Amino acid sequence: MAEANTPSPRTMPLRVAVVGSGPSGFYTTEALIKSGQPVIVDLFERLPAPYGLVRYGVAPDHPKLKQAIQVYEKIAQSPQFNFVGNVTVGRDLSVDELRHAYHAVVLTCGAEADRRLGVTGEDLPGSHTATEFVGWYNGHPDYRDRVFDLSHEVAVVIGQGNVAADVARVLAKTVDELRTTDIAAYALDVLAESAVREIHVIGRRGPAQAKFTPKELREFVELADCQARVNVDELDLNAASEAEVADKGNANARKNIALFQKFAQADPADKRRQCYFRFLKSPTALFGTERLEAVELETNRLSGEPFAQSAQGAGVIQTLDCGILFRSIGYRGMPMAGVPFDERRGVFSNRDGRIQDERGVVPGLYTAGWIKRGPTGIIGTNRADSVATVEALLADVEALQSSGAKPGADAFYPVLAERGVRVVSFSDWEKIDAAEIARGVPQGKPREKFARVEEMLSQL
Ligand code: NAP
């Protein structure tokens, strides 16, 4: 029988730690709060600023996508929500410490690393990941001090997904097209001096397999001083690609091909910059003595069934001189001490959001978002994914609560202070937010971000 002053499992609030305050963290929080289950959610974030990839990944010239933040701000107003910012789980607090203090821990820390090309010269100065460049122009503290040398006329982007489109578009735009966005001022200064005239966006497979969404590709039609171009010979499709394009469910490929055909007919003369979309080419080596000077590309041919075609080198090699190269070939999750990791897929080992090791499910440990399923889909895709994880968690609620009441974050404030960590609450963040917005006003920008953690903390 429960003692008189012990809350019964039915009224005892479920204490949940969510780790990572990007879209998946907020959608997980929302699903928990909306479930009707008495719950208190502590949302842990390693930076003082919330919103993860919406703040630091979405391109500055895509303000509509950032409107998702308004939804997250609403969720944050719930009395069942508590933000624990500037705390790195895995460093300031271990996953095991969290597991002791909560009924459940949901890891939603995204995919922060990059896939590797695995070619000679990949780490030469001048060869960067898209992540570094995107983080830099978006004011991410990890990338604030990166240096991008745009003094050469040719830039190369490897990969044909939406991140590659973002990188190419930011390189292609004039300063006037970016000036009133929330792009970091220091990045705009460097882009203003850019000598880049040619951007080559290179896909290992063909135009039918490019992963751009047509909306993103169409933006290249509207650039003020950059002409999108395609070599018409590269638009030839093999039979399997024709079948892919004809498939009822593949409207994106048809729209992309129509745009590529338009680019192939473009008049090259009238714009200062040219952005070439190139297909069936893989980088086989990057060359340079002290820094990148050229990329070697091998022409590929496709083989396999429709929707399962892979690229094989056909032995035809060409060299493209370039001064900077961005590898935009997909993200990868990073392991965390105490959490089973699937090395092959770069995600936490899980079944339907329940984290598991070789012995089975790890009680009380869950995951959602890119670190659960891999780096695919748009922001909204993570809502359904988070809801599914929360359904699994709630199905386990009886077992989770069998160990009695849990203290949640209250257990950690003294420990974190002892460890020298300045915890940032949501009202602290609101002060930083207001200061960023005020800084943007004189420049006509929605905000000027603080790109250093110390700068953010100095607002408090
Ligand atoms: P992605 O869509 O998976 O694209 C990765 C690209 O890299 C593909 O073209 C892929 O080609 C290529 N690639 C992979 N390995 C390669 C290799 N070894 N050599 C050469 N090329 C290689 O990934 P992403 O662009 O990083 O985007 C991640 C997710 O975020 C996507 O779901 C994307 O739609 C989303 N996103 C959305 C927006 C937006 O909505 N505006 C903006 C940014 C990102 P294969 O097809 O041959 O594998």
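Nothing fancy with the numbering, it's 1 onward along the sequence. The shown structure was predicted, so the numbers you read here are calculated from the model rather than taken from an experiment. Worth knowing before you read on, the calculation uses all heavy atoms, side chains too, and leaves out hydrogens, waters and symmetry mates. We count ligands from 1, going down the list as the structure has it; atoms in each ligand are counted the same way.
Atoms of ligand 1 found under 4.0 Å from any heavy atom of Thr376 (numbered from 1 in listed order, with element): 32 (O). Every atom of ligand 1 is numbered from 1 in the order shown, and the set under 4.0 Å from a heavy atom of Gln160 is 6 (C), 8 (C), 9 (O). Annotation for ligand 1: atoms under 4.0 Å from non-hydrogen atoms of Asp166 are 42 (C), 43 (C). Which parts of ligand 1 touch Gly377 is read off a 4.0 Å heavy-atom cut-off, strictly below it: atoms 30 (O), 32 (O), 35 (C). Listed by atom number, the atoms of ligand 1 under 4.0 Å from Ser328 heavy atoms are 6 (C), 7 (O). The distance from ligand 1 to the heavy atoms of Leu117 drops below 4.0 Å at these ligand atoms: 19 (N). Heavy-atom contacts of Leu65 reach the following atoms of ligand 1: 41 (N) (cutoff under 4.0 Å). Listed by number with element, the atoms of ligand 1 under 4.0 angstrom from any heavy atom of Trp370 are 29 (C), 30 (O).
By the 6.0 Å contact criterion, CZ on Arg301 is open, its count of non-hydrogen atoms from other residues, nucleotides or ligands being 12 or less.
By the 6.0 Å and 45° rule, Arg146 does not stack over the aromatic ring of Phe133.
Using a distance-only test at 3.5 Å, with no hydrogens or angles considered, a donor-acceptor pair links the side chain of Glu177 to the main chain of Ala224. No donor-acceptor pair under 3.5 Å is formed between the side chain of Arg272 and the backbone N or O of Arg197. The backbone N or O of Asp114 sits nowhere less than 3.5 Å from a side-chain atom of Arg332 that would complete a donor-acceptor pair.
In this structure, atom 28 (C) of ligand 1 lies nearest to the protein heavy atom Pro375 O, 3.6 Å. Protein heavy atom at the shortest distance from atom 23 (O) of ligand 1 is Gly330 CA, 4.2 Å. The protein non-hydrogen atom at the shortest distance from atom 1 (P) of ligand 1 is Lys211 CD, 3.9 Å. From the protein, the heavy atom lying nearest to atom 27 (O) of ligand 1 is Val163 CG2, 3.6 Å. Given atom 21 (N) of ligand 1, the protein heavy atom at minimum distance is Ile329 CG2, 3.6 Å. What sits closest to atom 38 (C) of ligand 1 on the protein, heavy atoms only, is Asn162 CB, 3.5 Å. In terms of protein heavy atoms, atom 4 (O) of ligand 1 is closest to Gly161 CA, 3.5 Å.
Counting heavy atoms from C-beta on, the side chains of Gln318 and Lys281 come closer than 4.5 Å. Using a 4.5 Å heavy-atom cutoff, the side chains of Leu117 and Ile329 are in contact.
Under the 3.5 Å distance criterion, with hydrogens and angles disregarded, no donor-acceptor pair is assigned to the side chains of Ser303 and Gln309. One side chain, Asp396 or Tyr366, offers a donor N or O that lies under 3.5 Å from an acceptor on the other.
Comparing heavy-atom distances from atom 17 (C) of ligand 1 across Arg204, Lys64, Lys281 singles out Arg204 as nearest. Of the listed options Glu216, Arg327, Arg116, Glu216 places a heavy atom closest to atom 40 (O) of ligand 1. If you check each of Arg205, Glu219, Gln209, Gln309 against atom 46 (O) of ligand 1, the one with the closest non-hydrogen atom is Arg205.
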Run the numbers on Phe260 and Phe220 for ring-ring contact (aromatic ring centres under 6.0 Å, His included), then give the verdict.
CA-CA 10 Å; Phe260 291 140; Phe220 285 84; 9.8 Å; no

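No close placement of the Phe83 and Trp429 rings is indicated, their centers lying 6.0 Å or farther apart.
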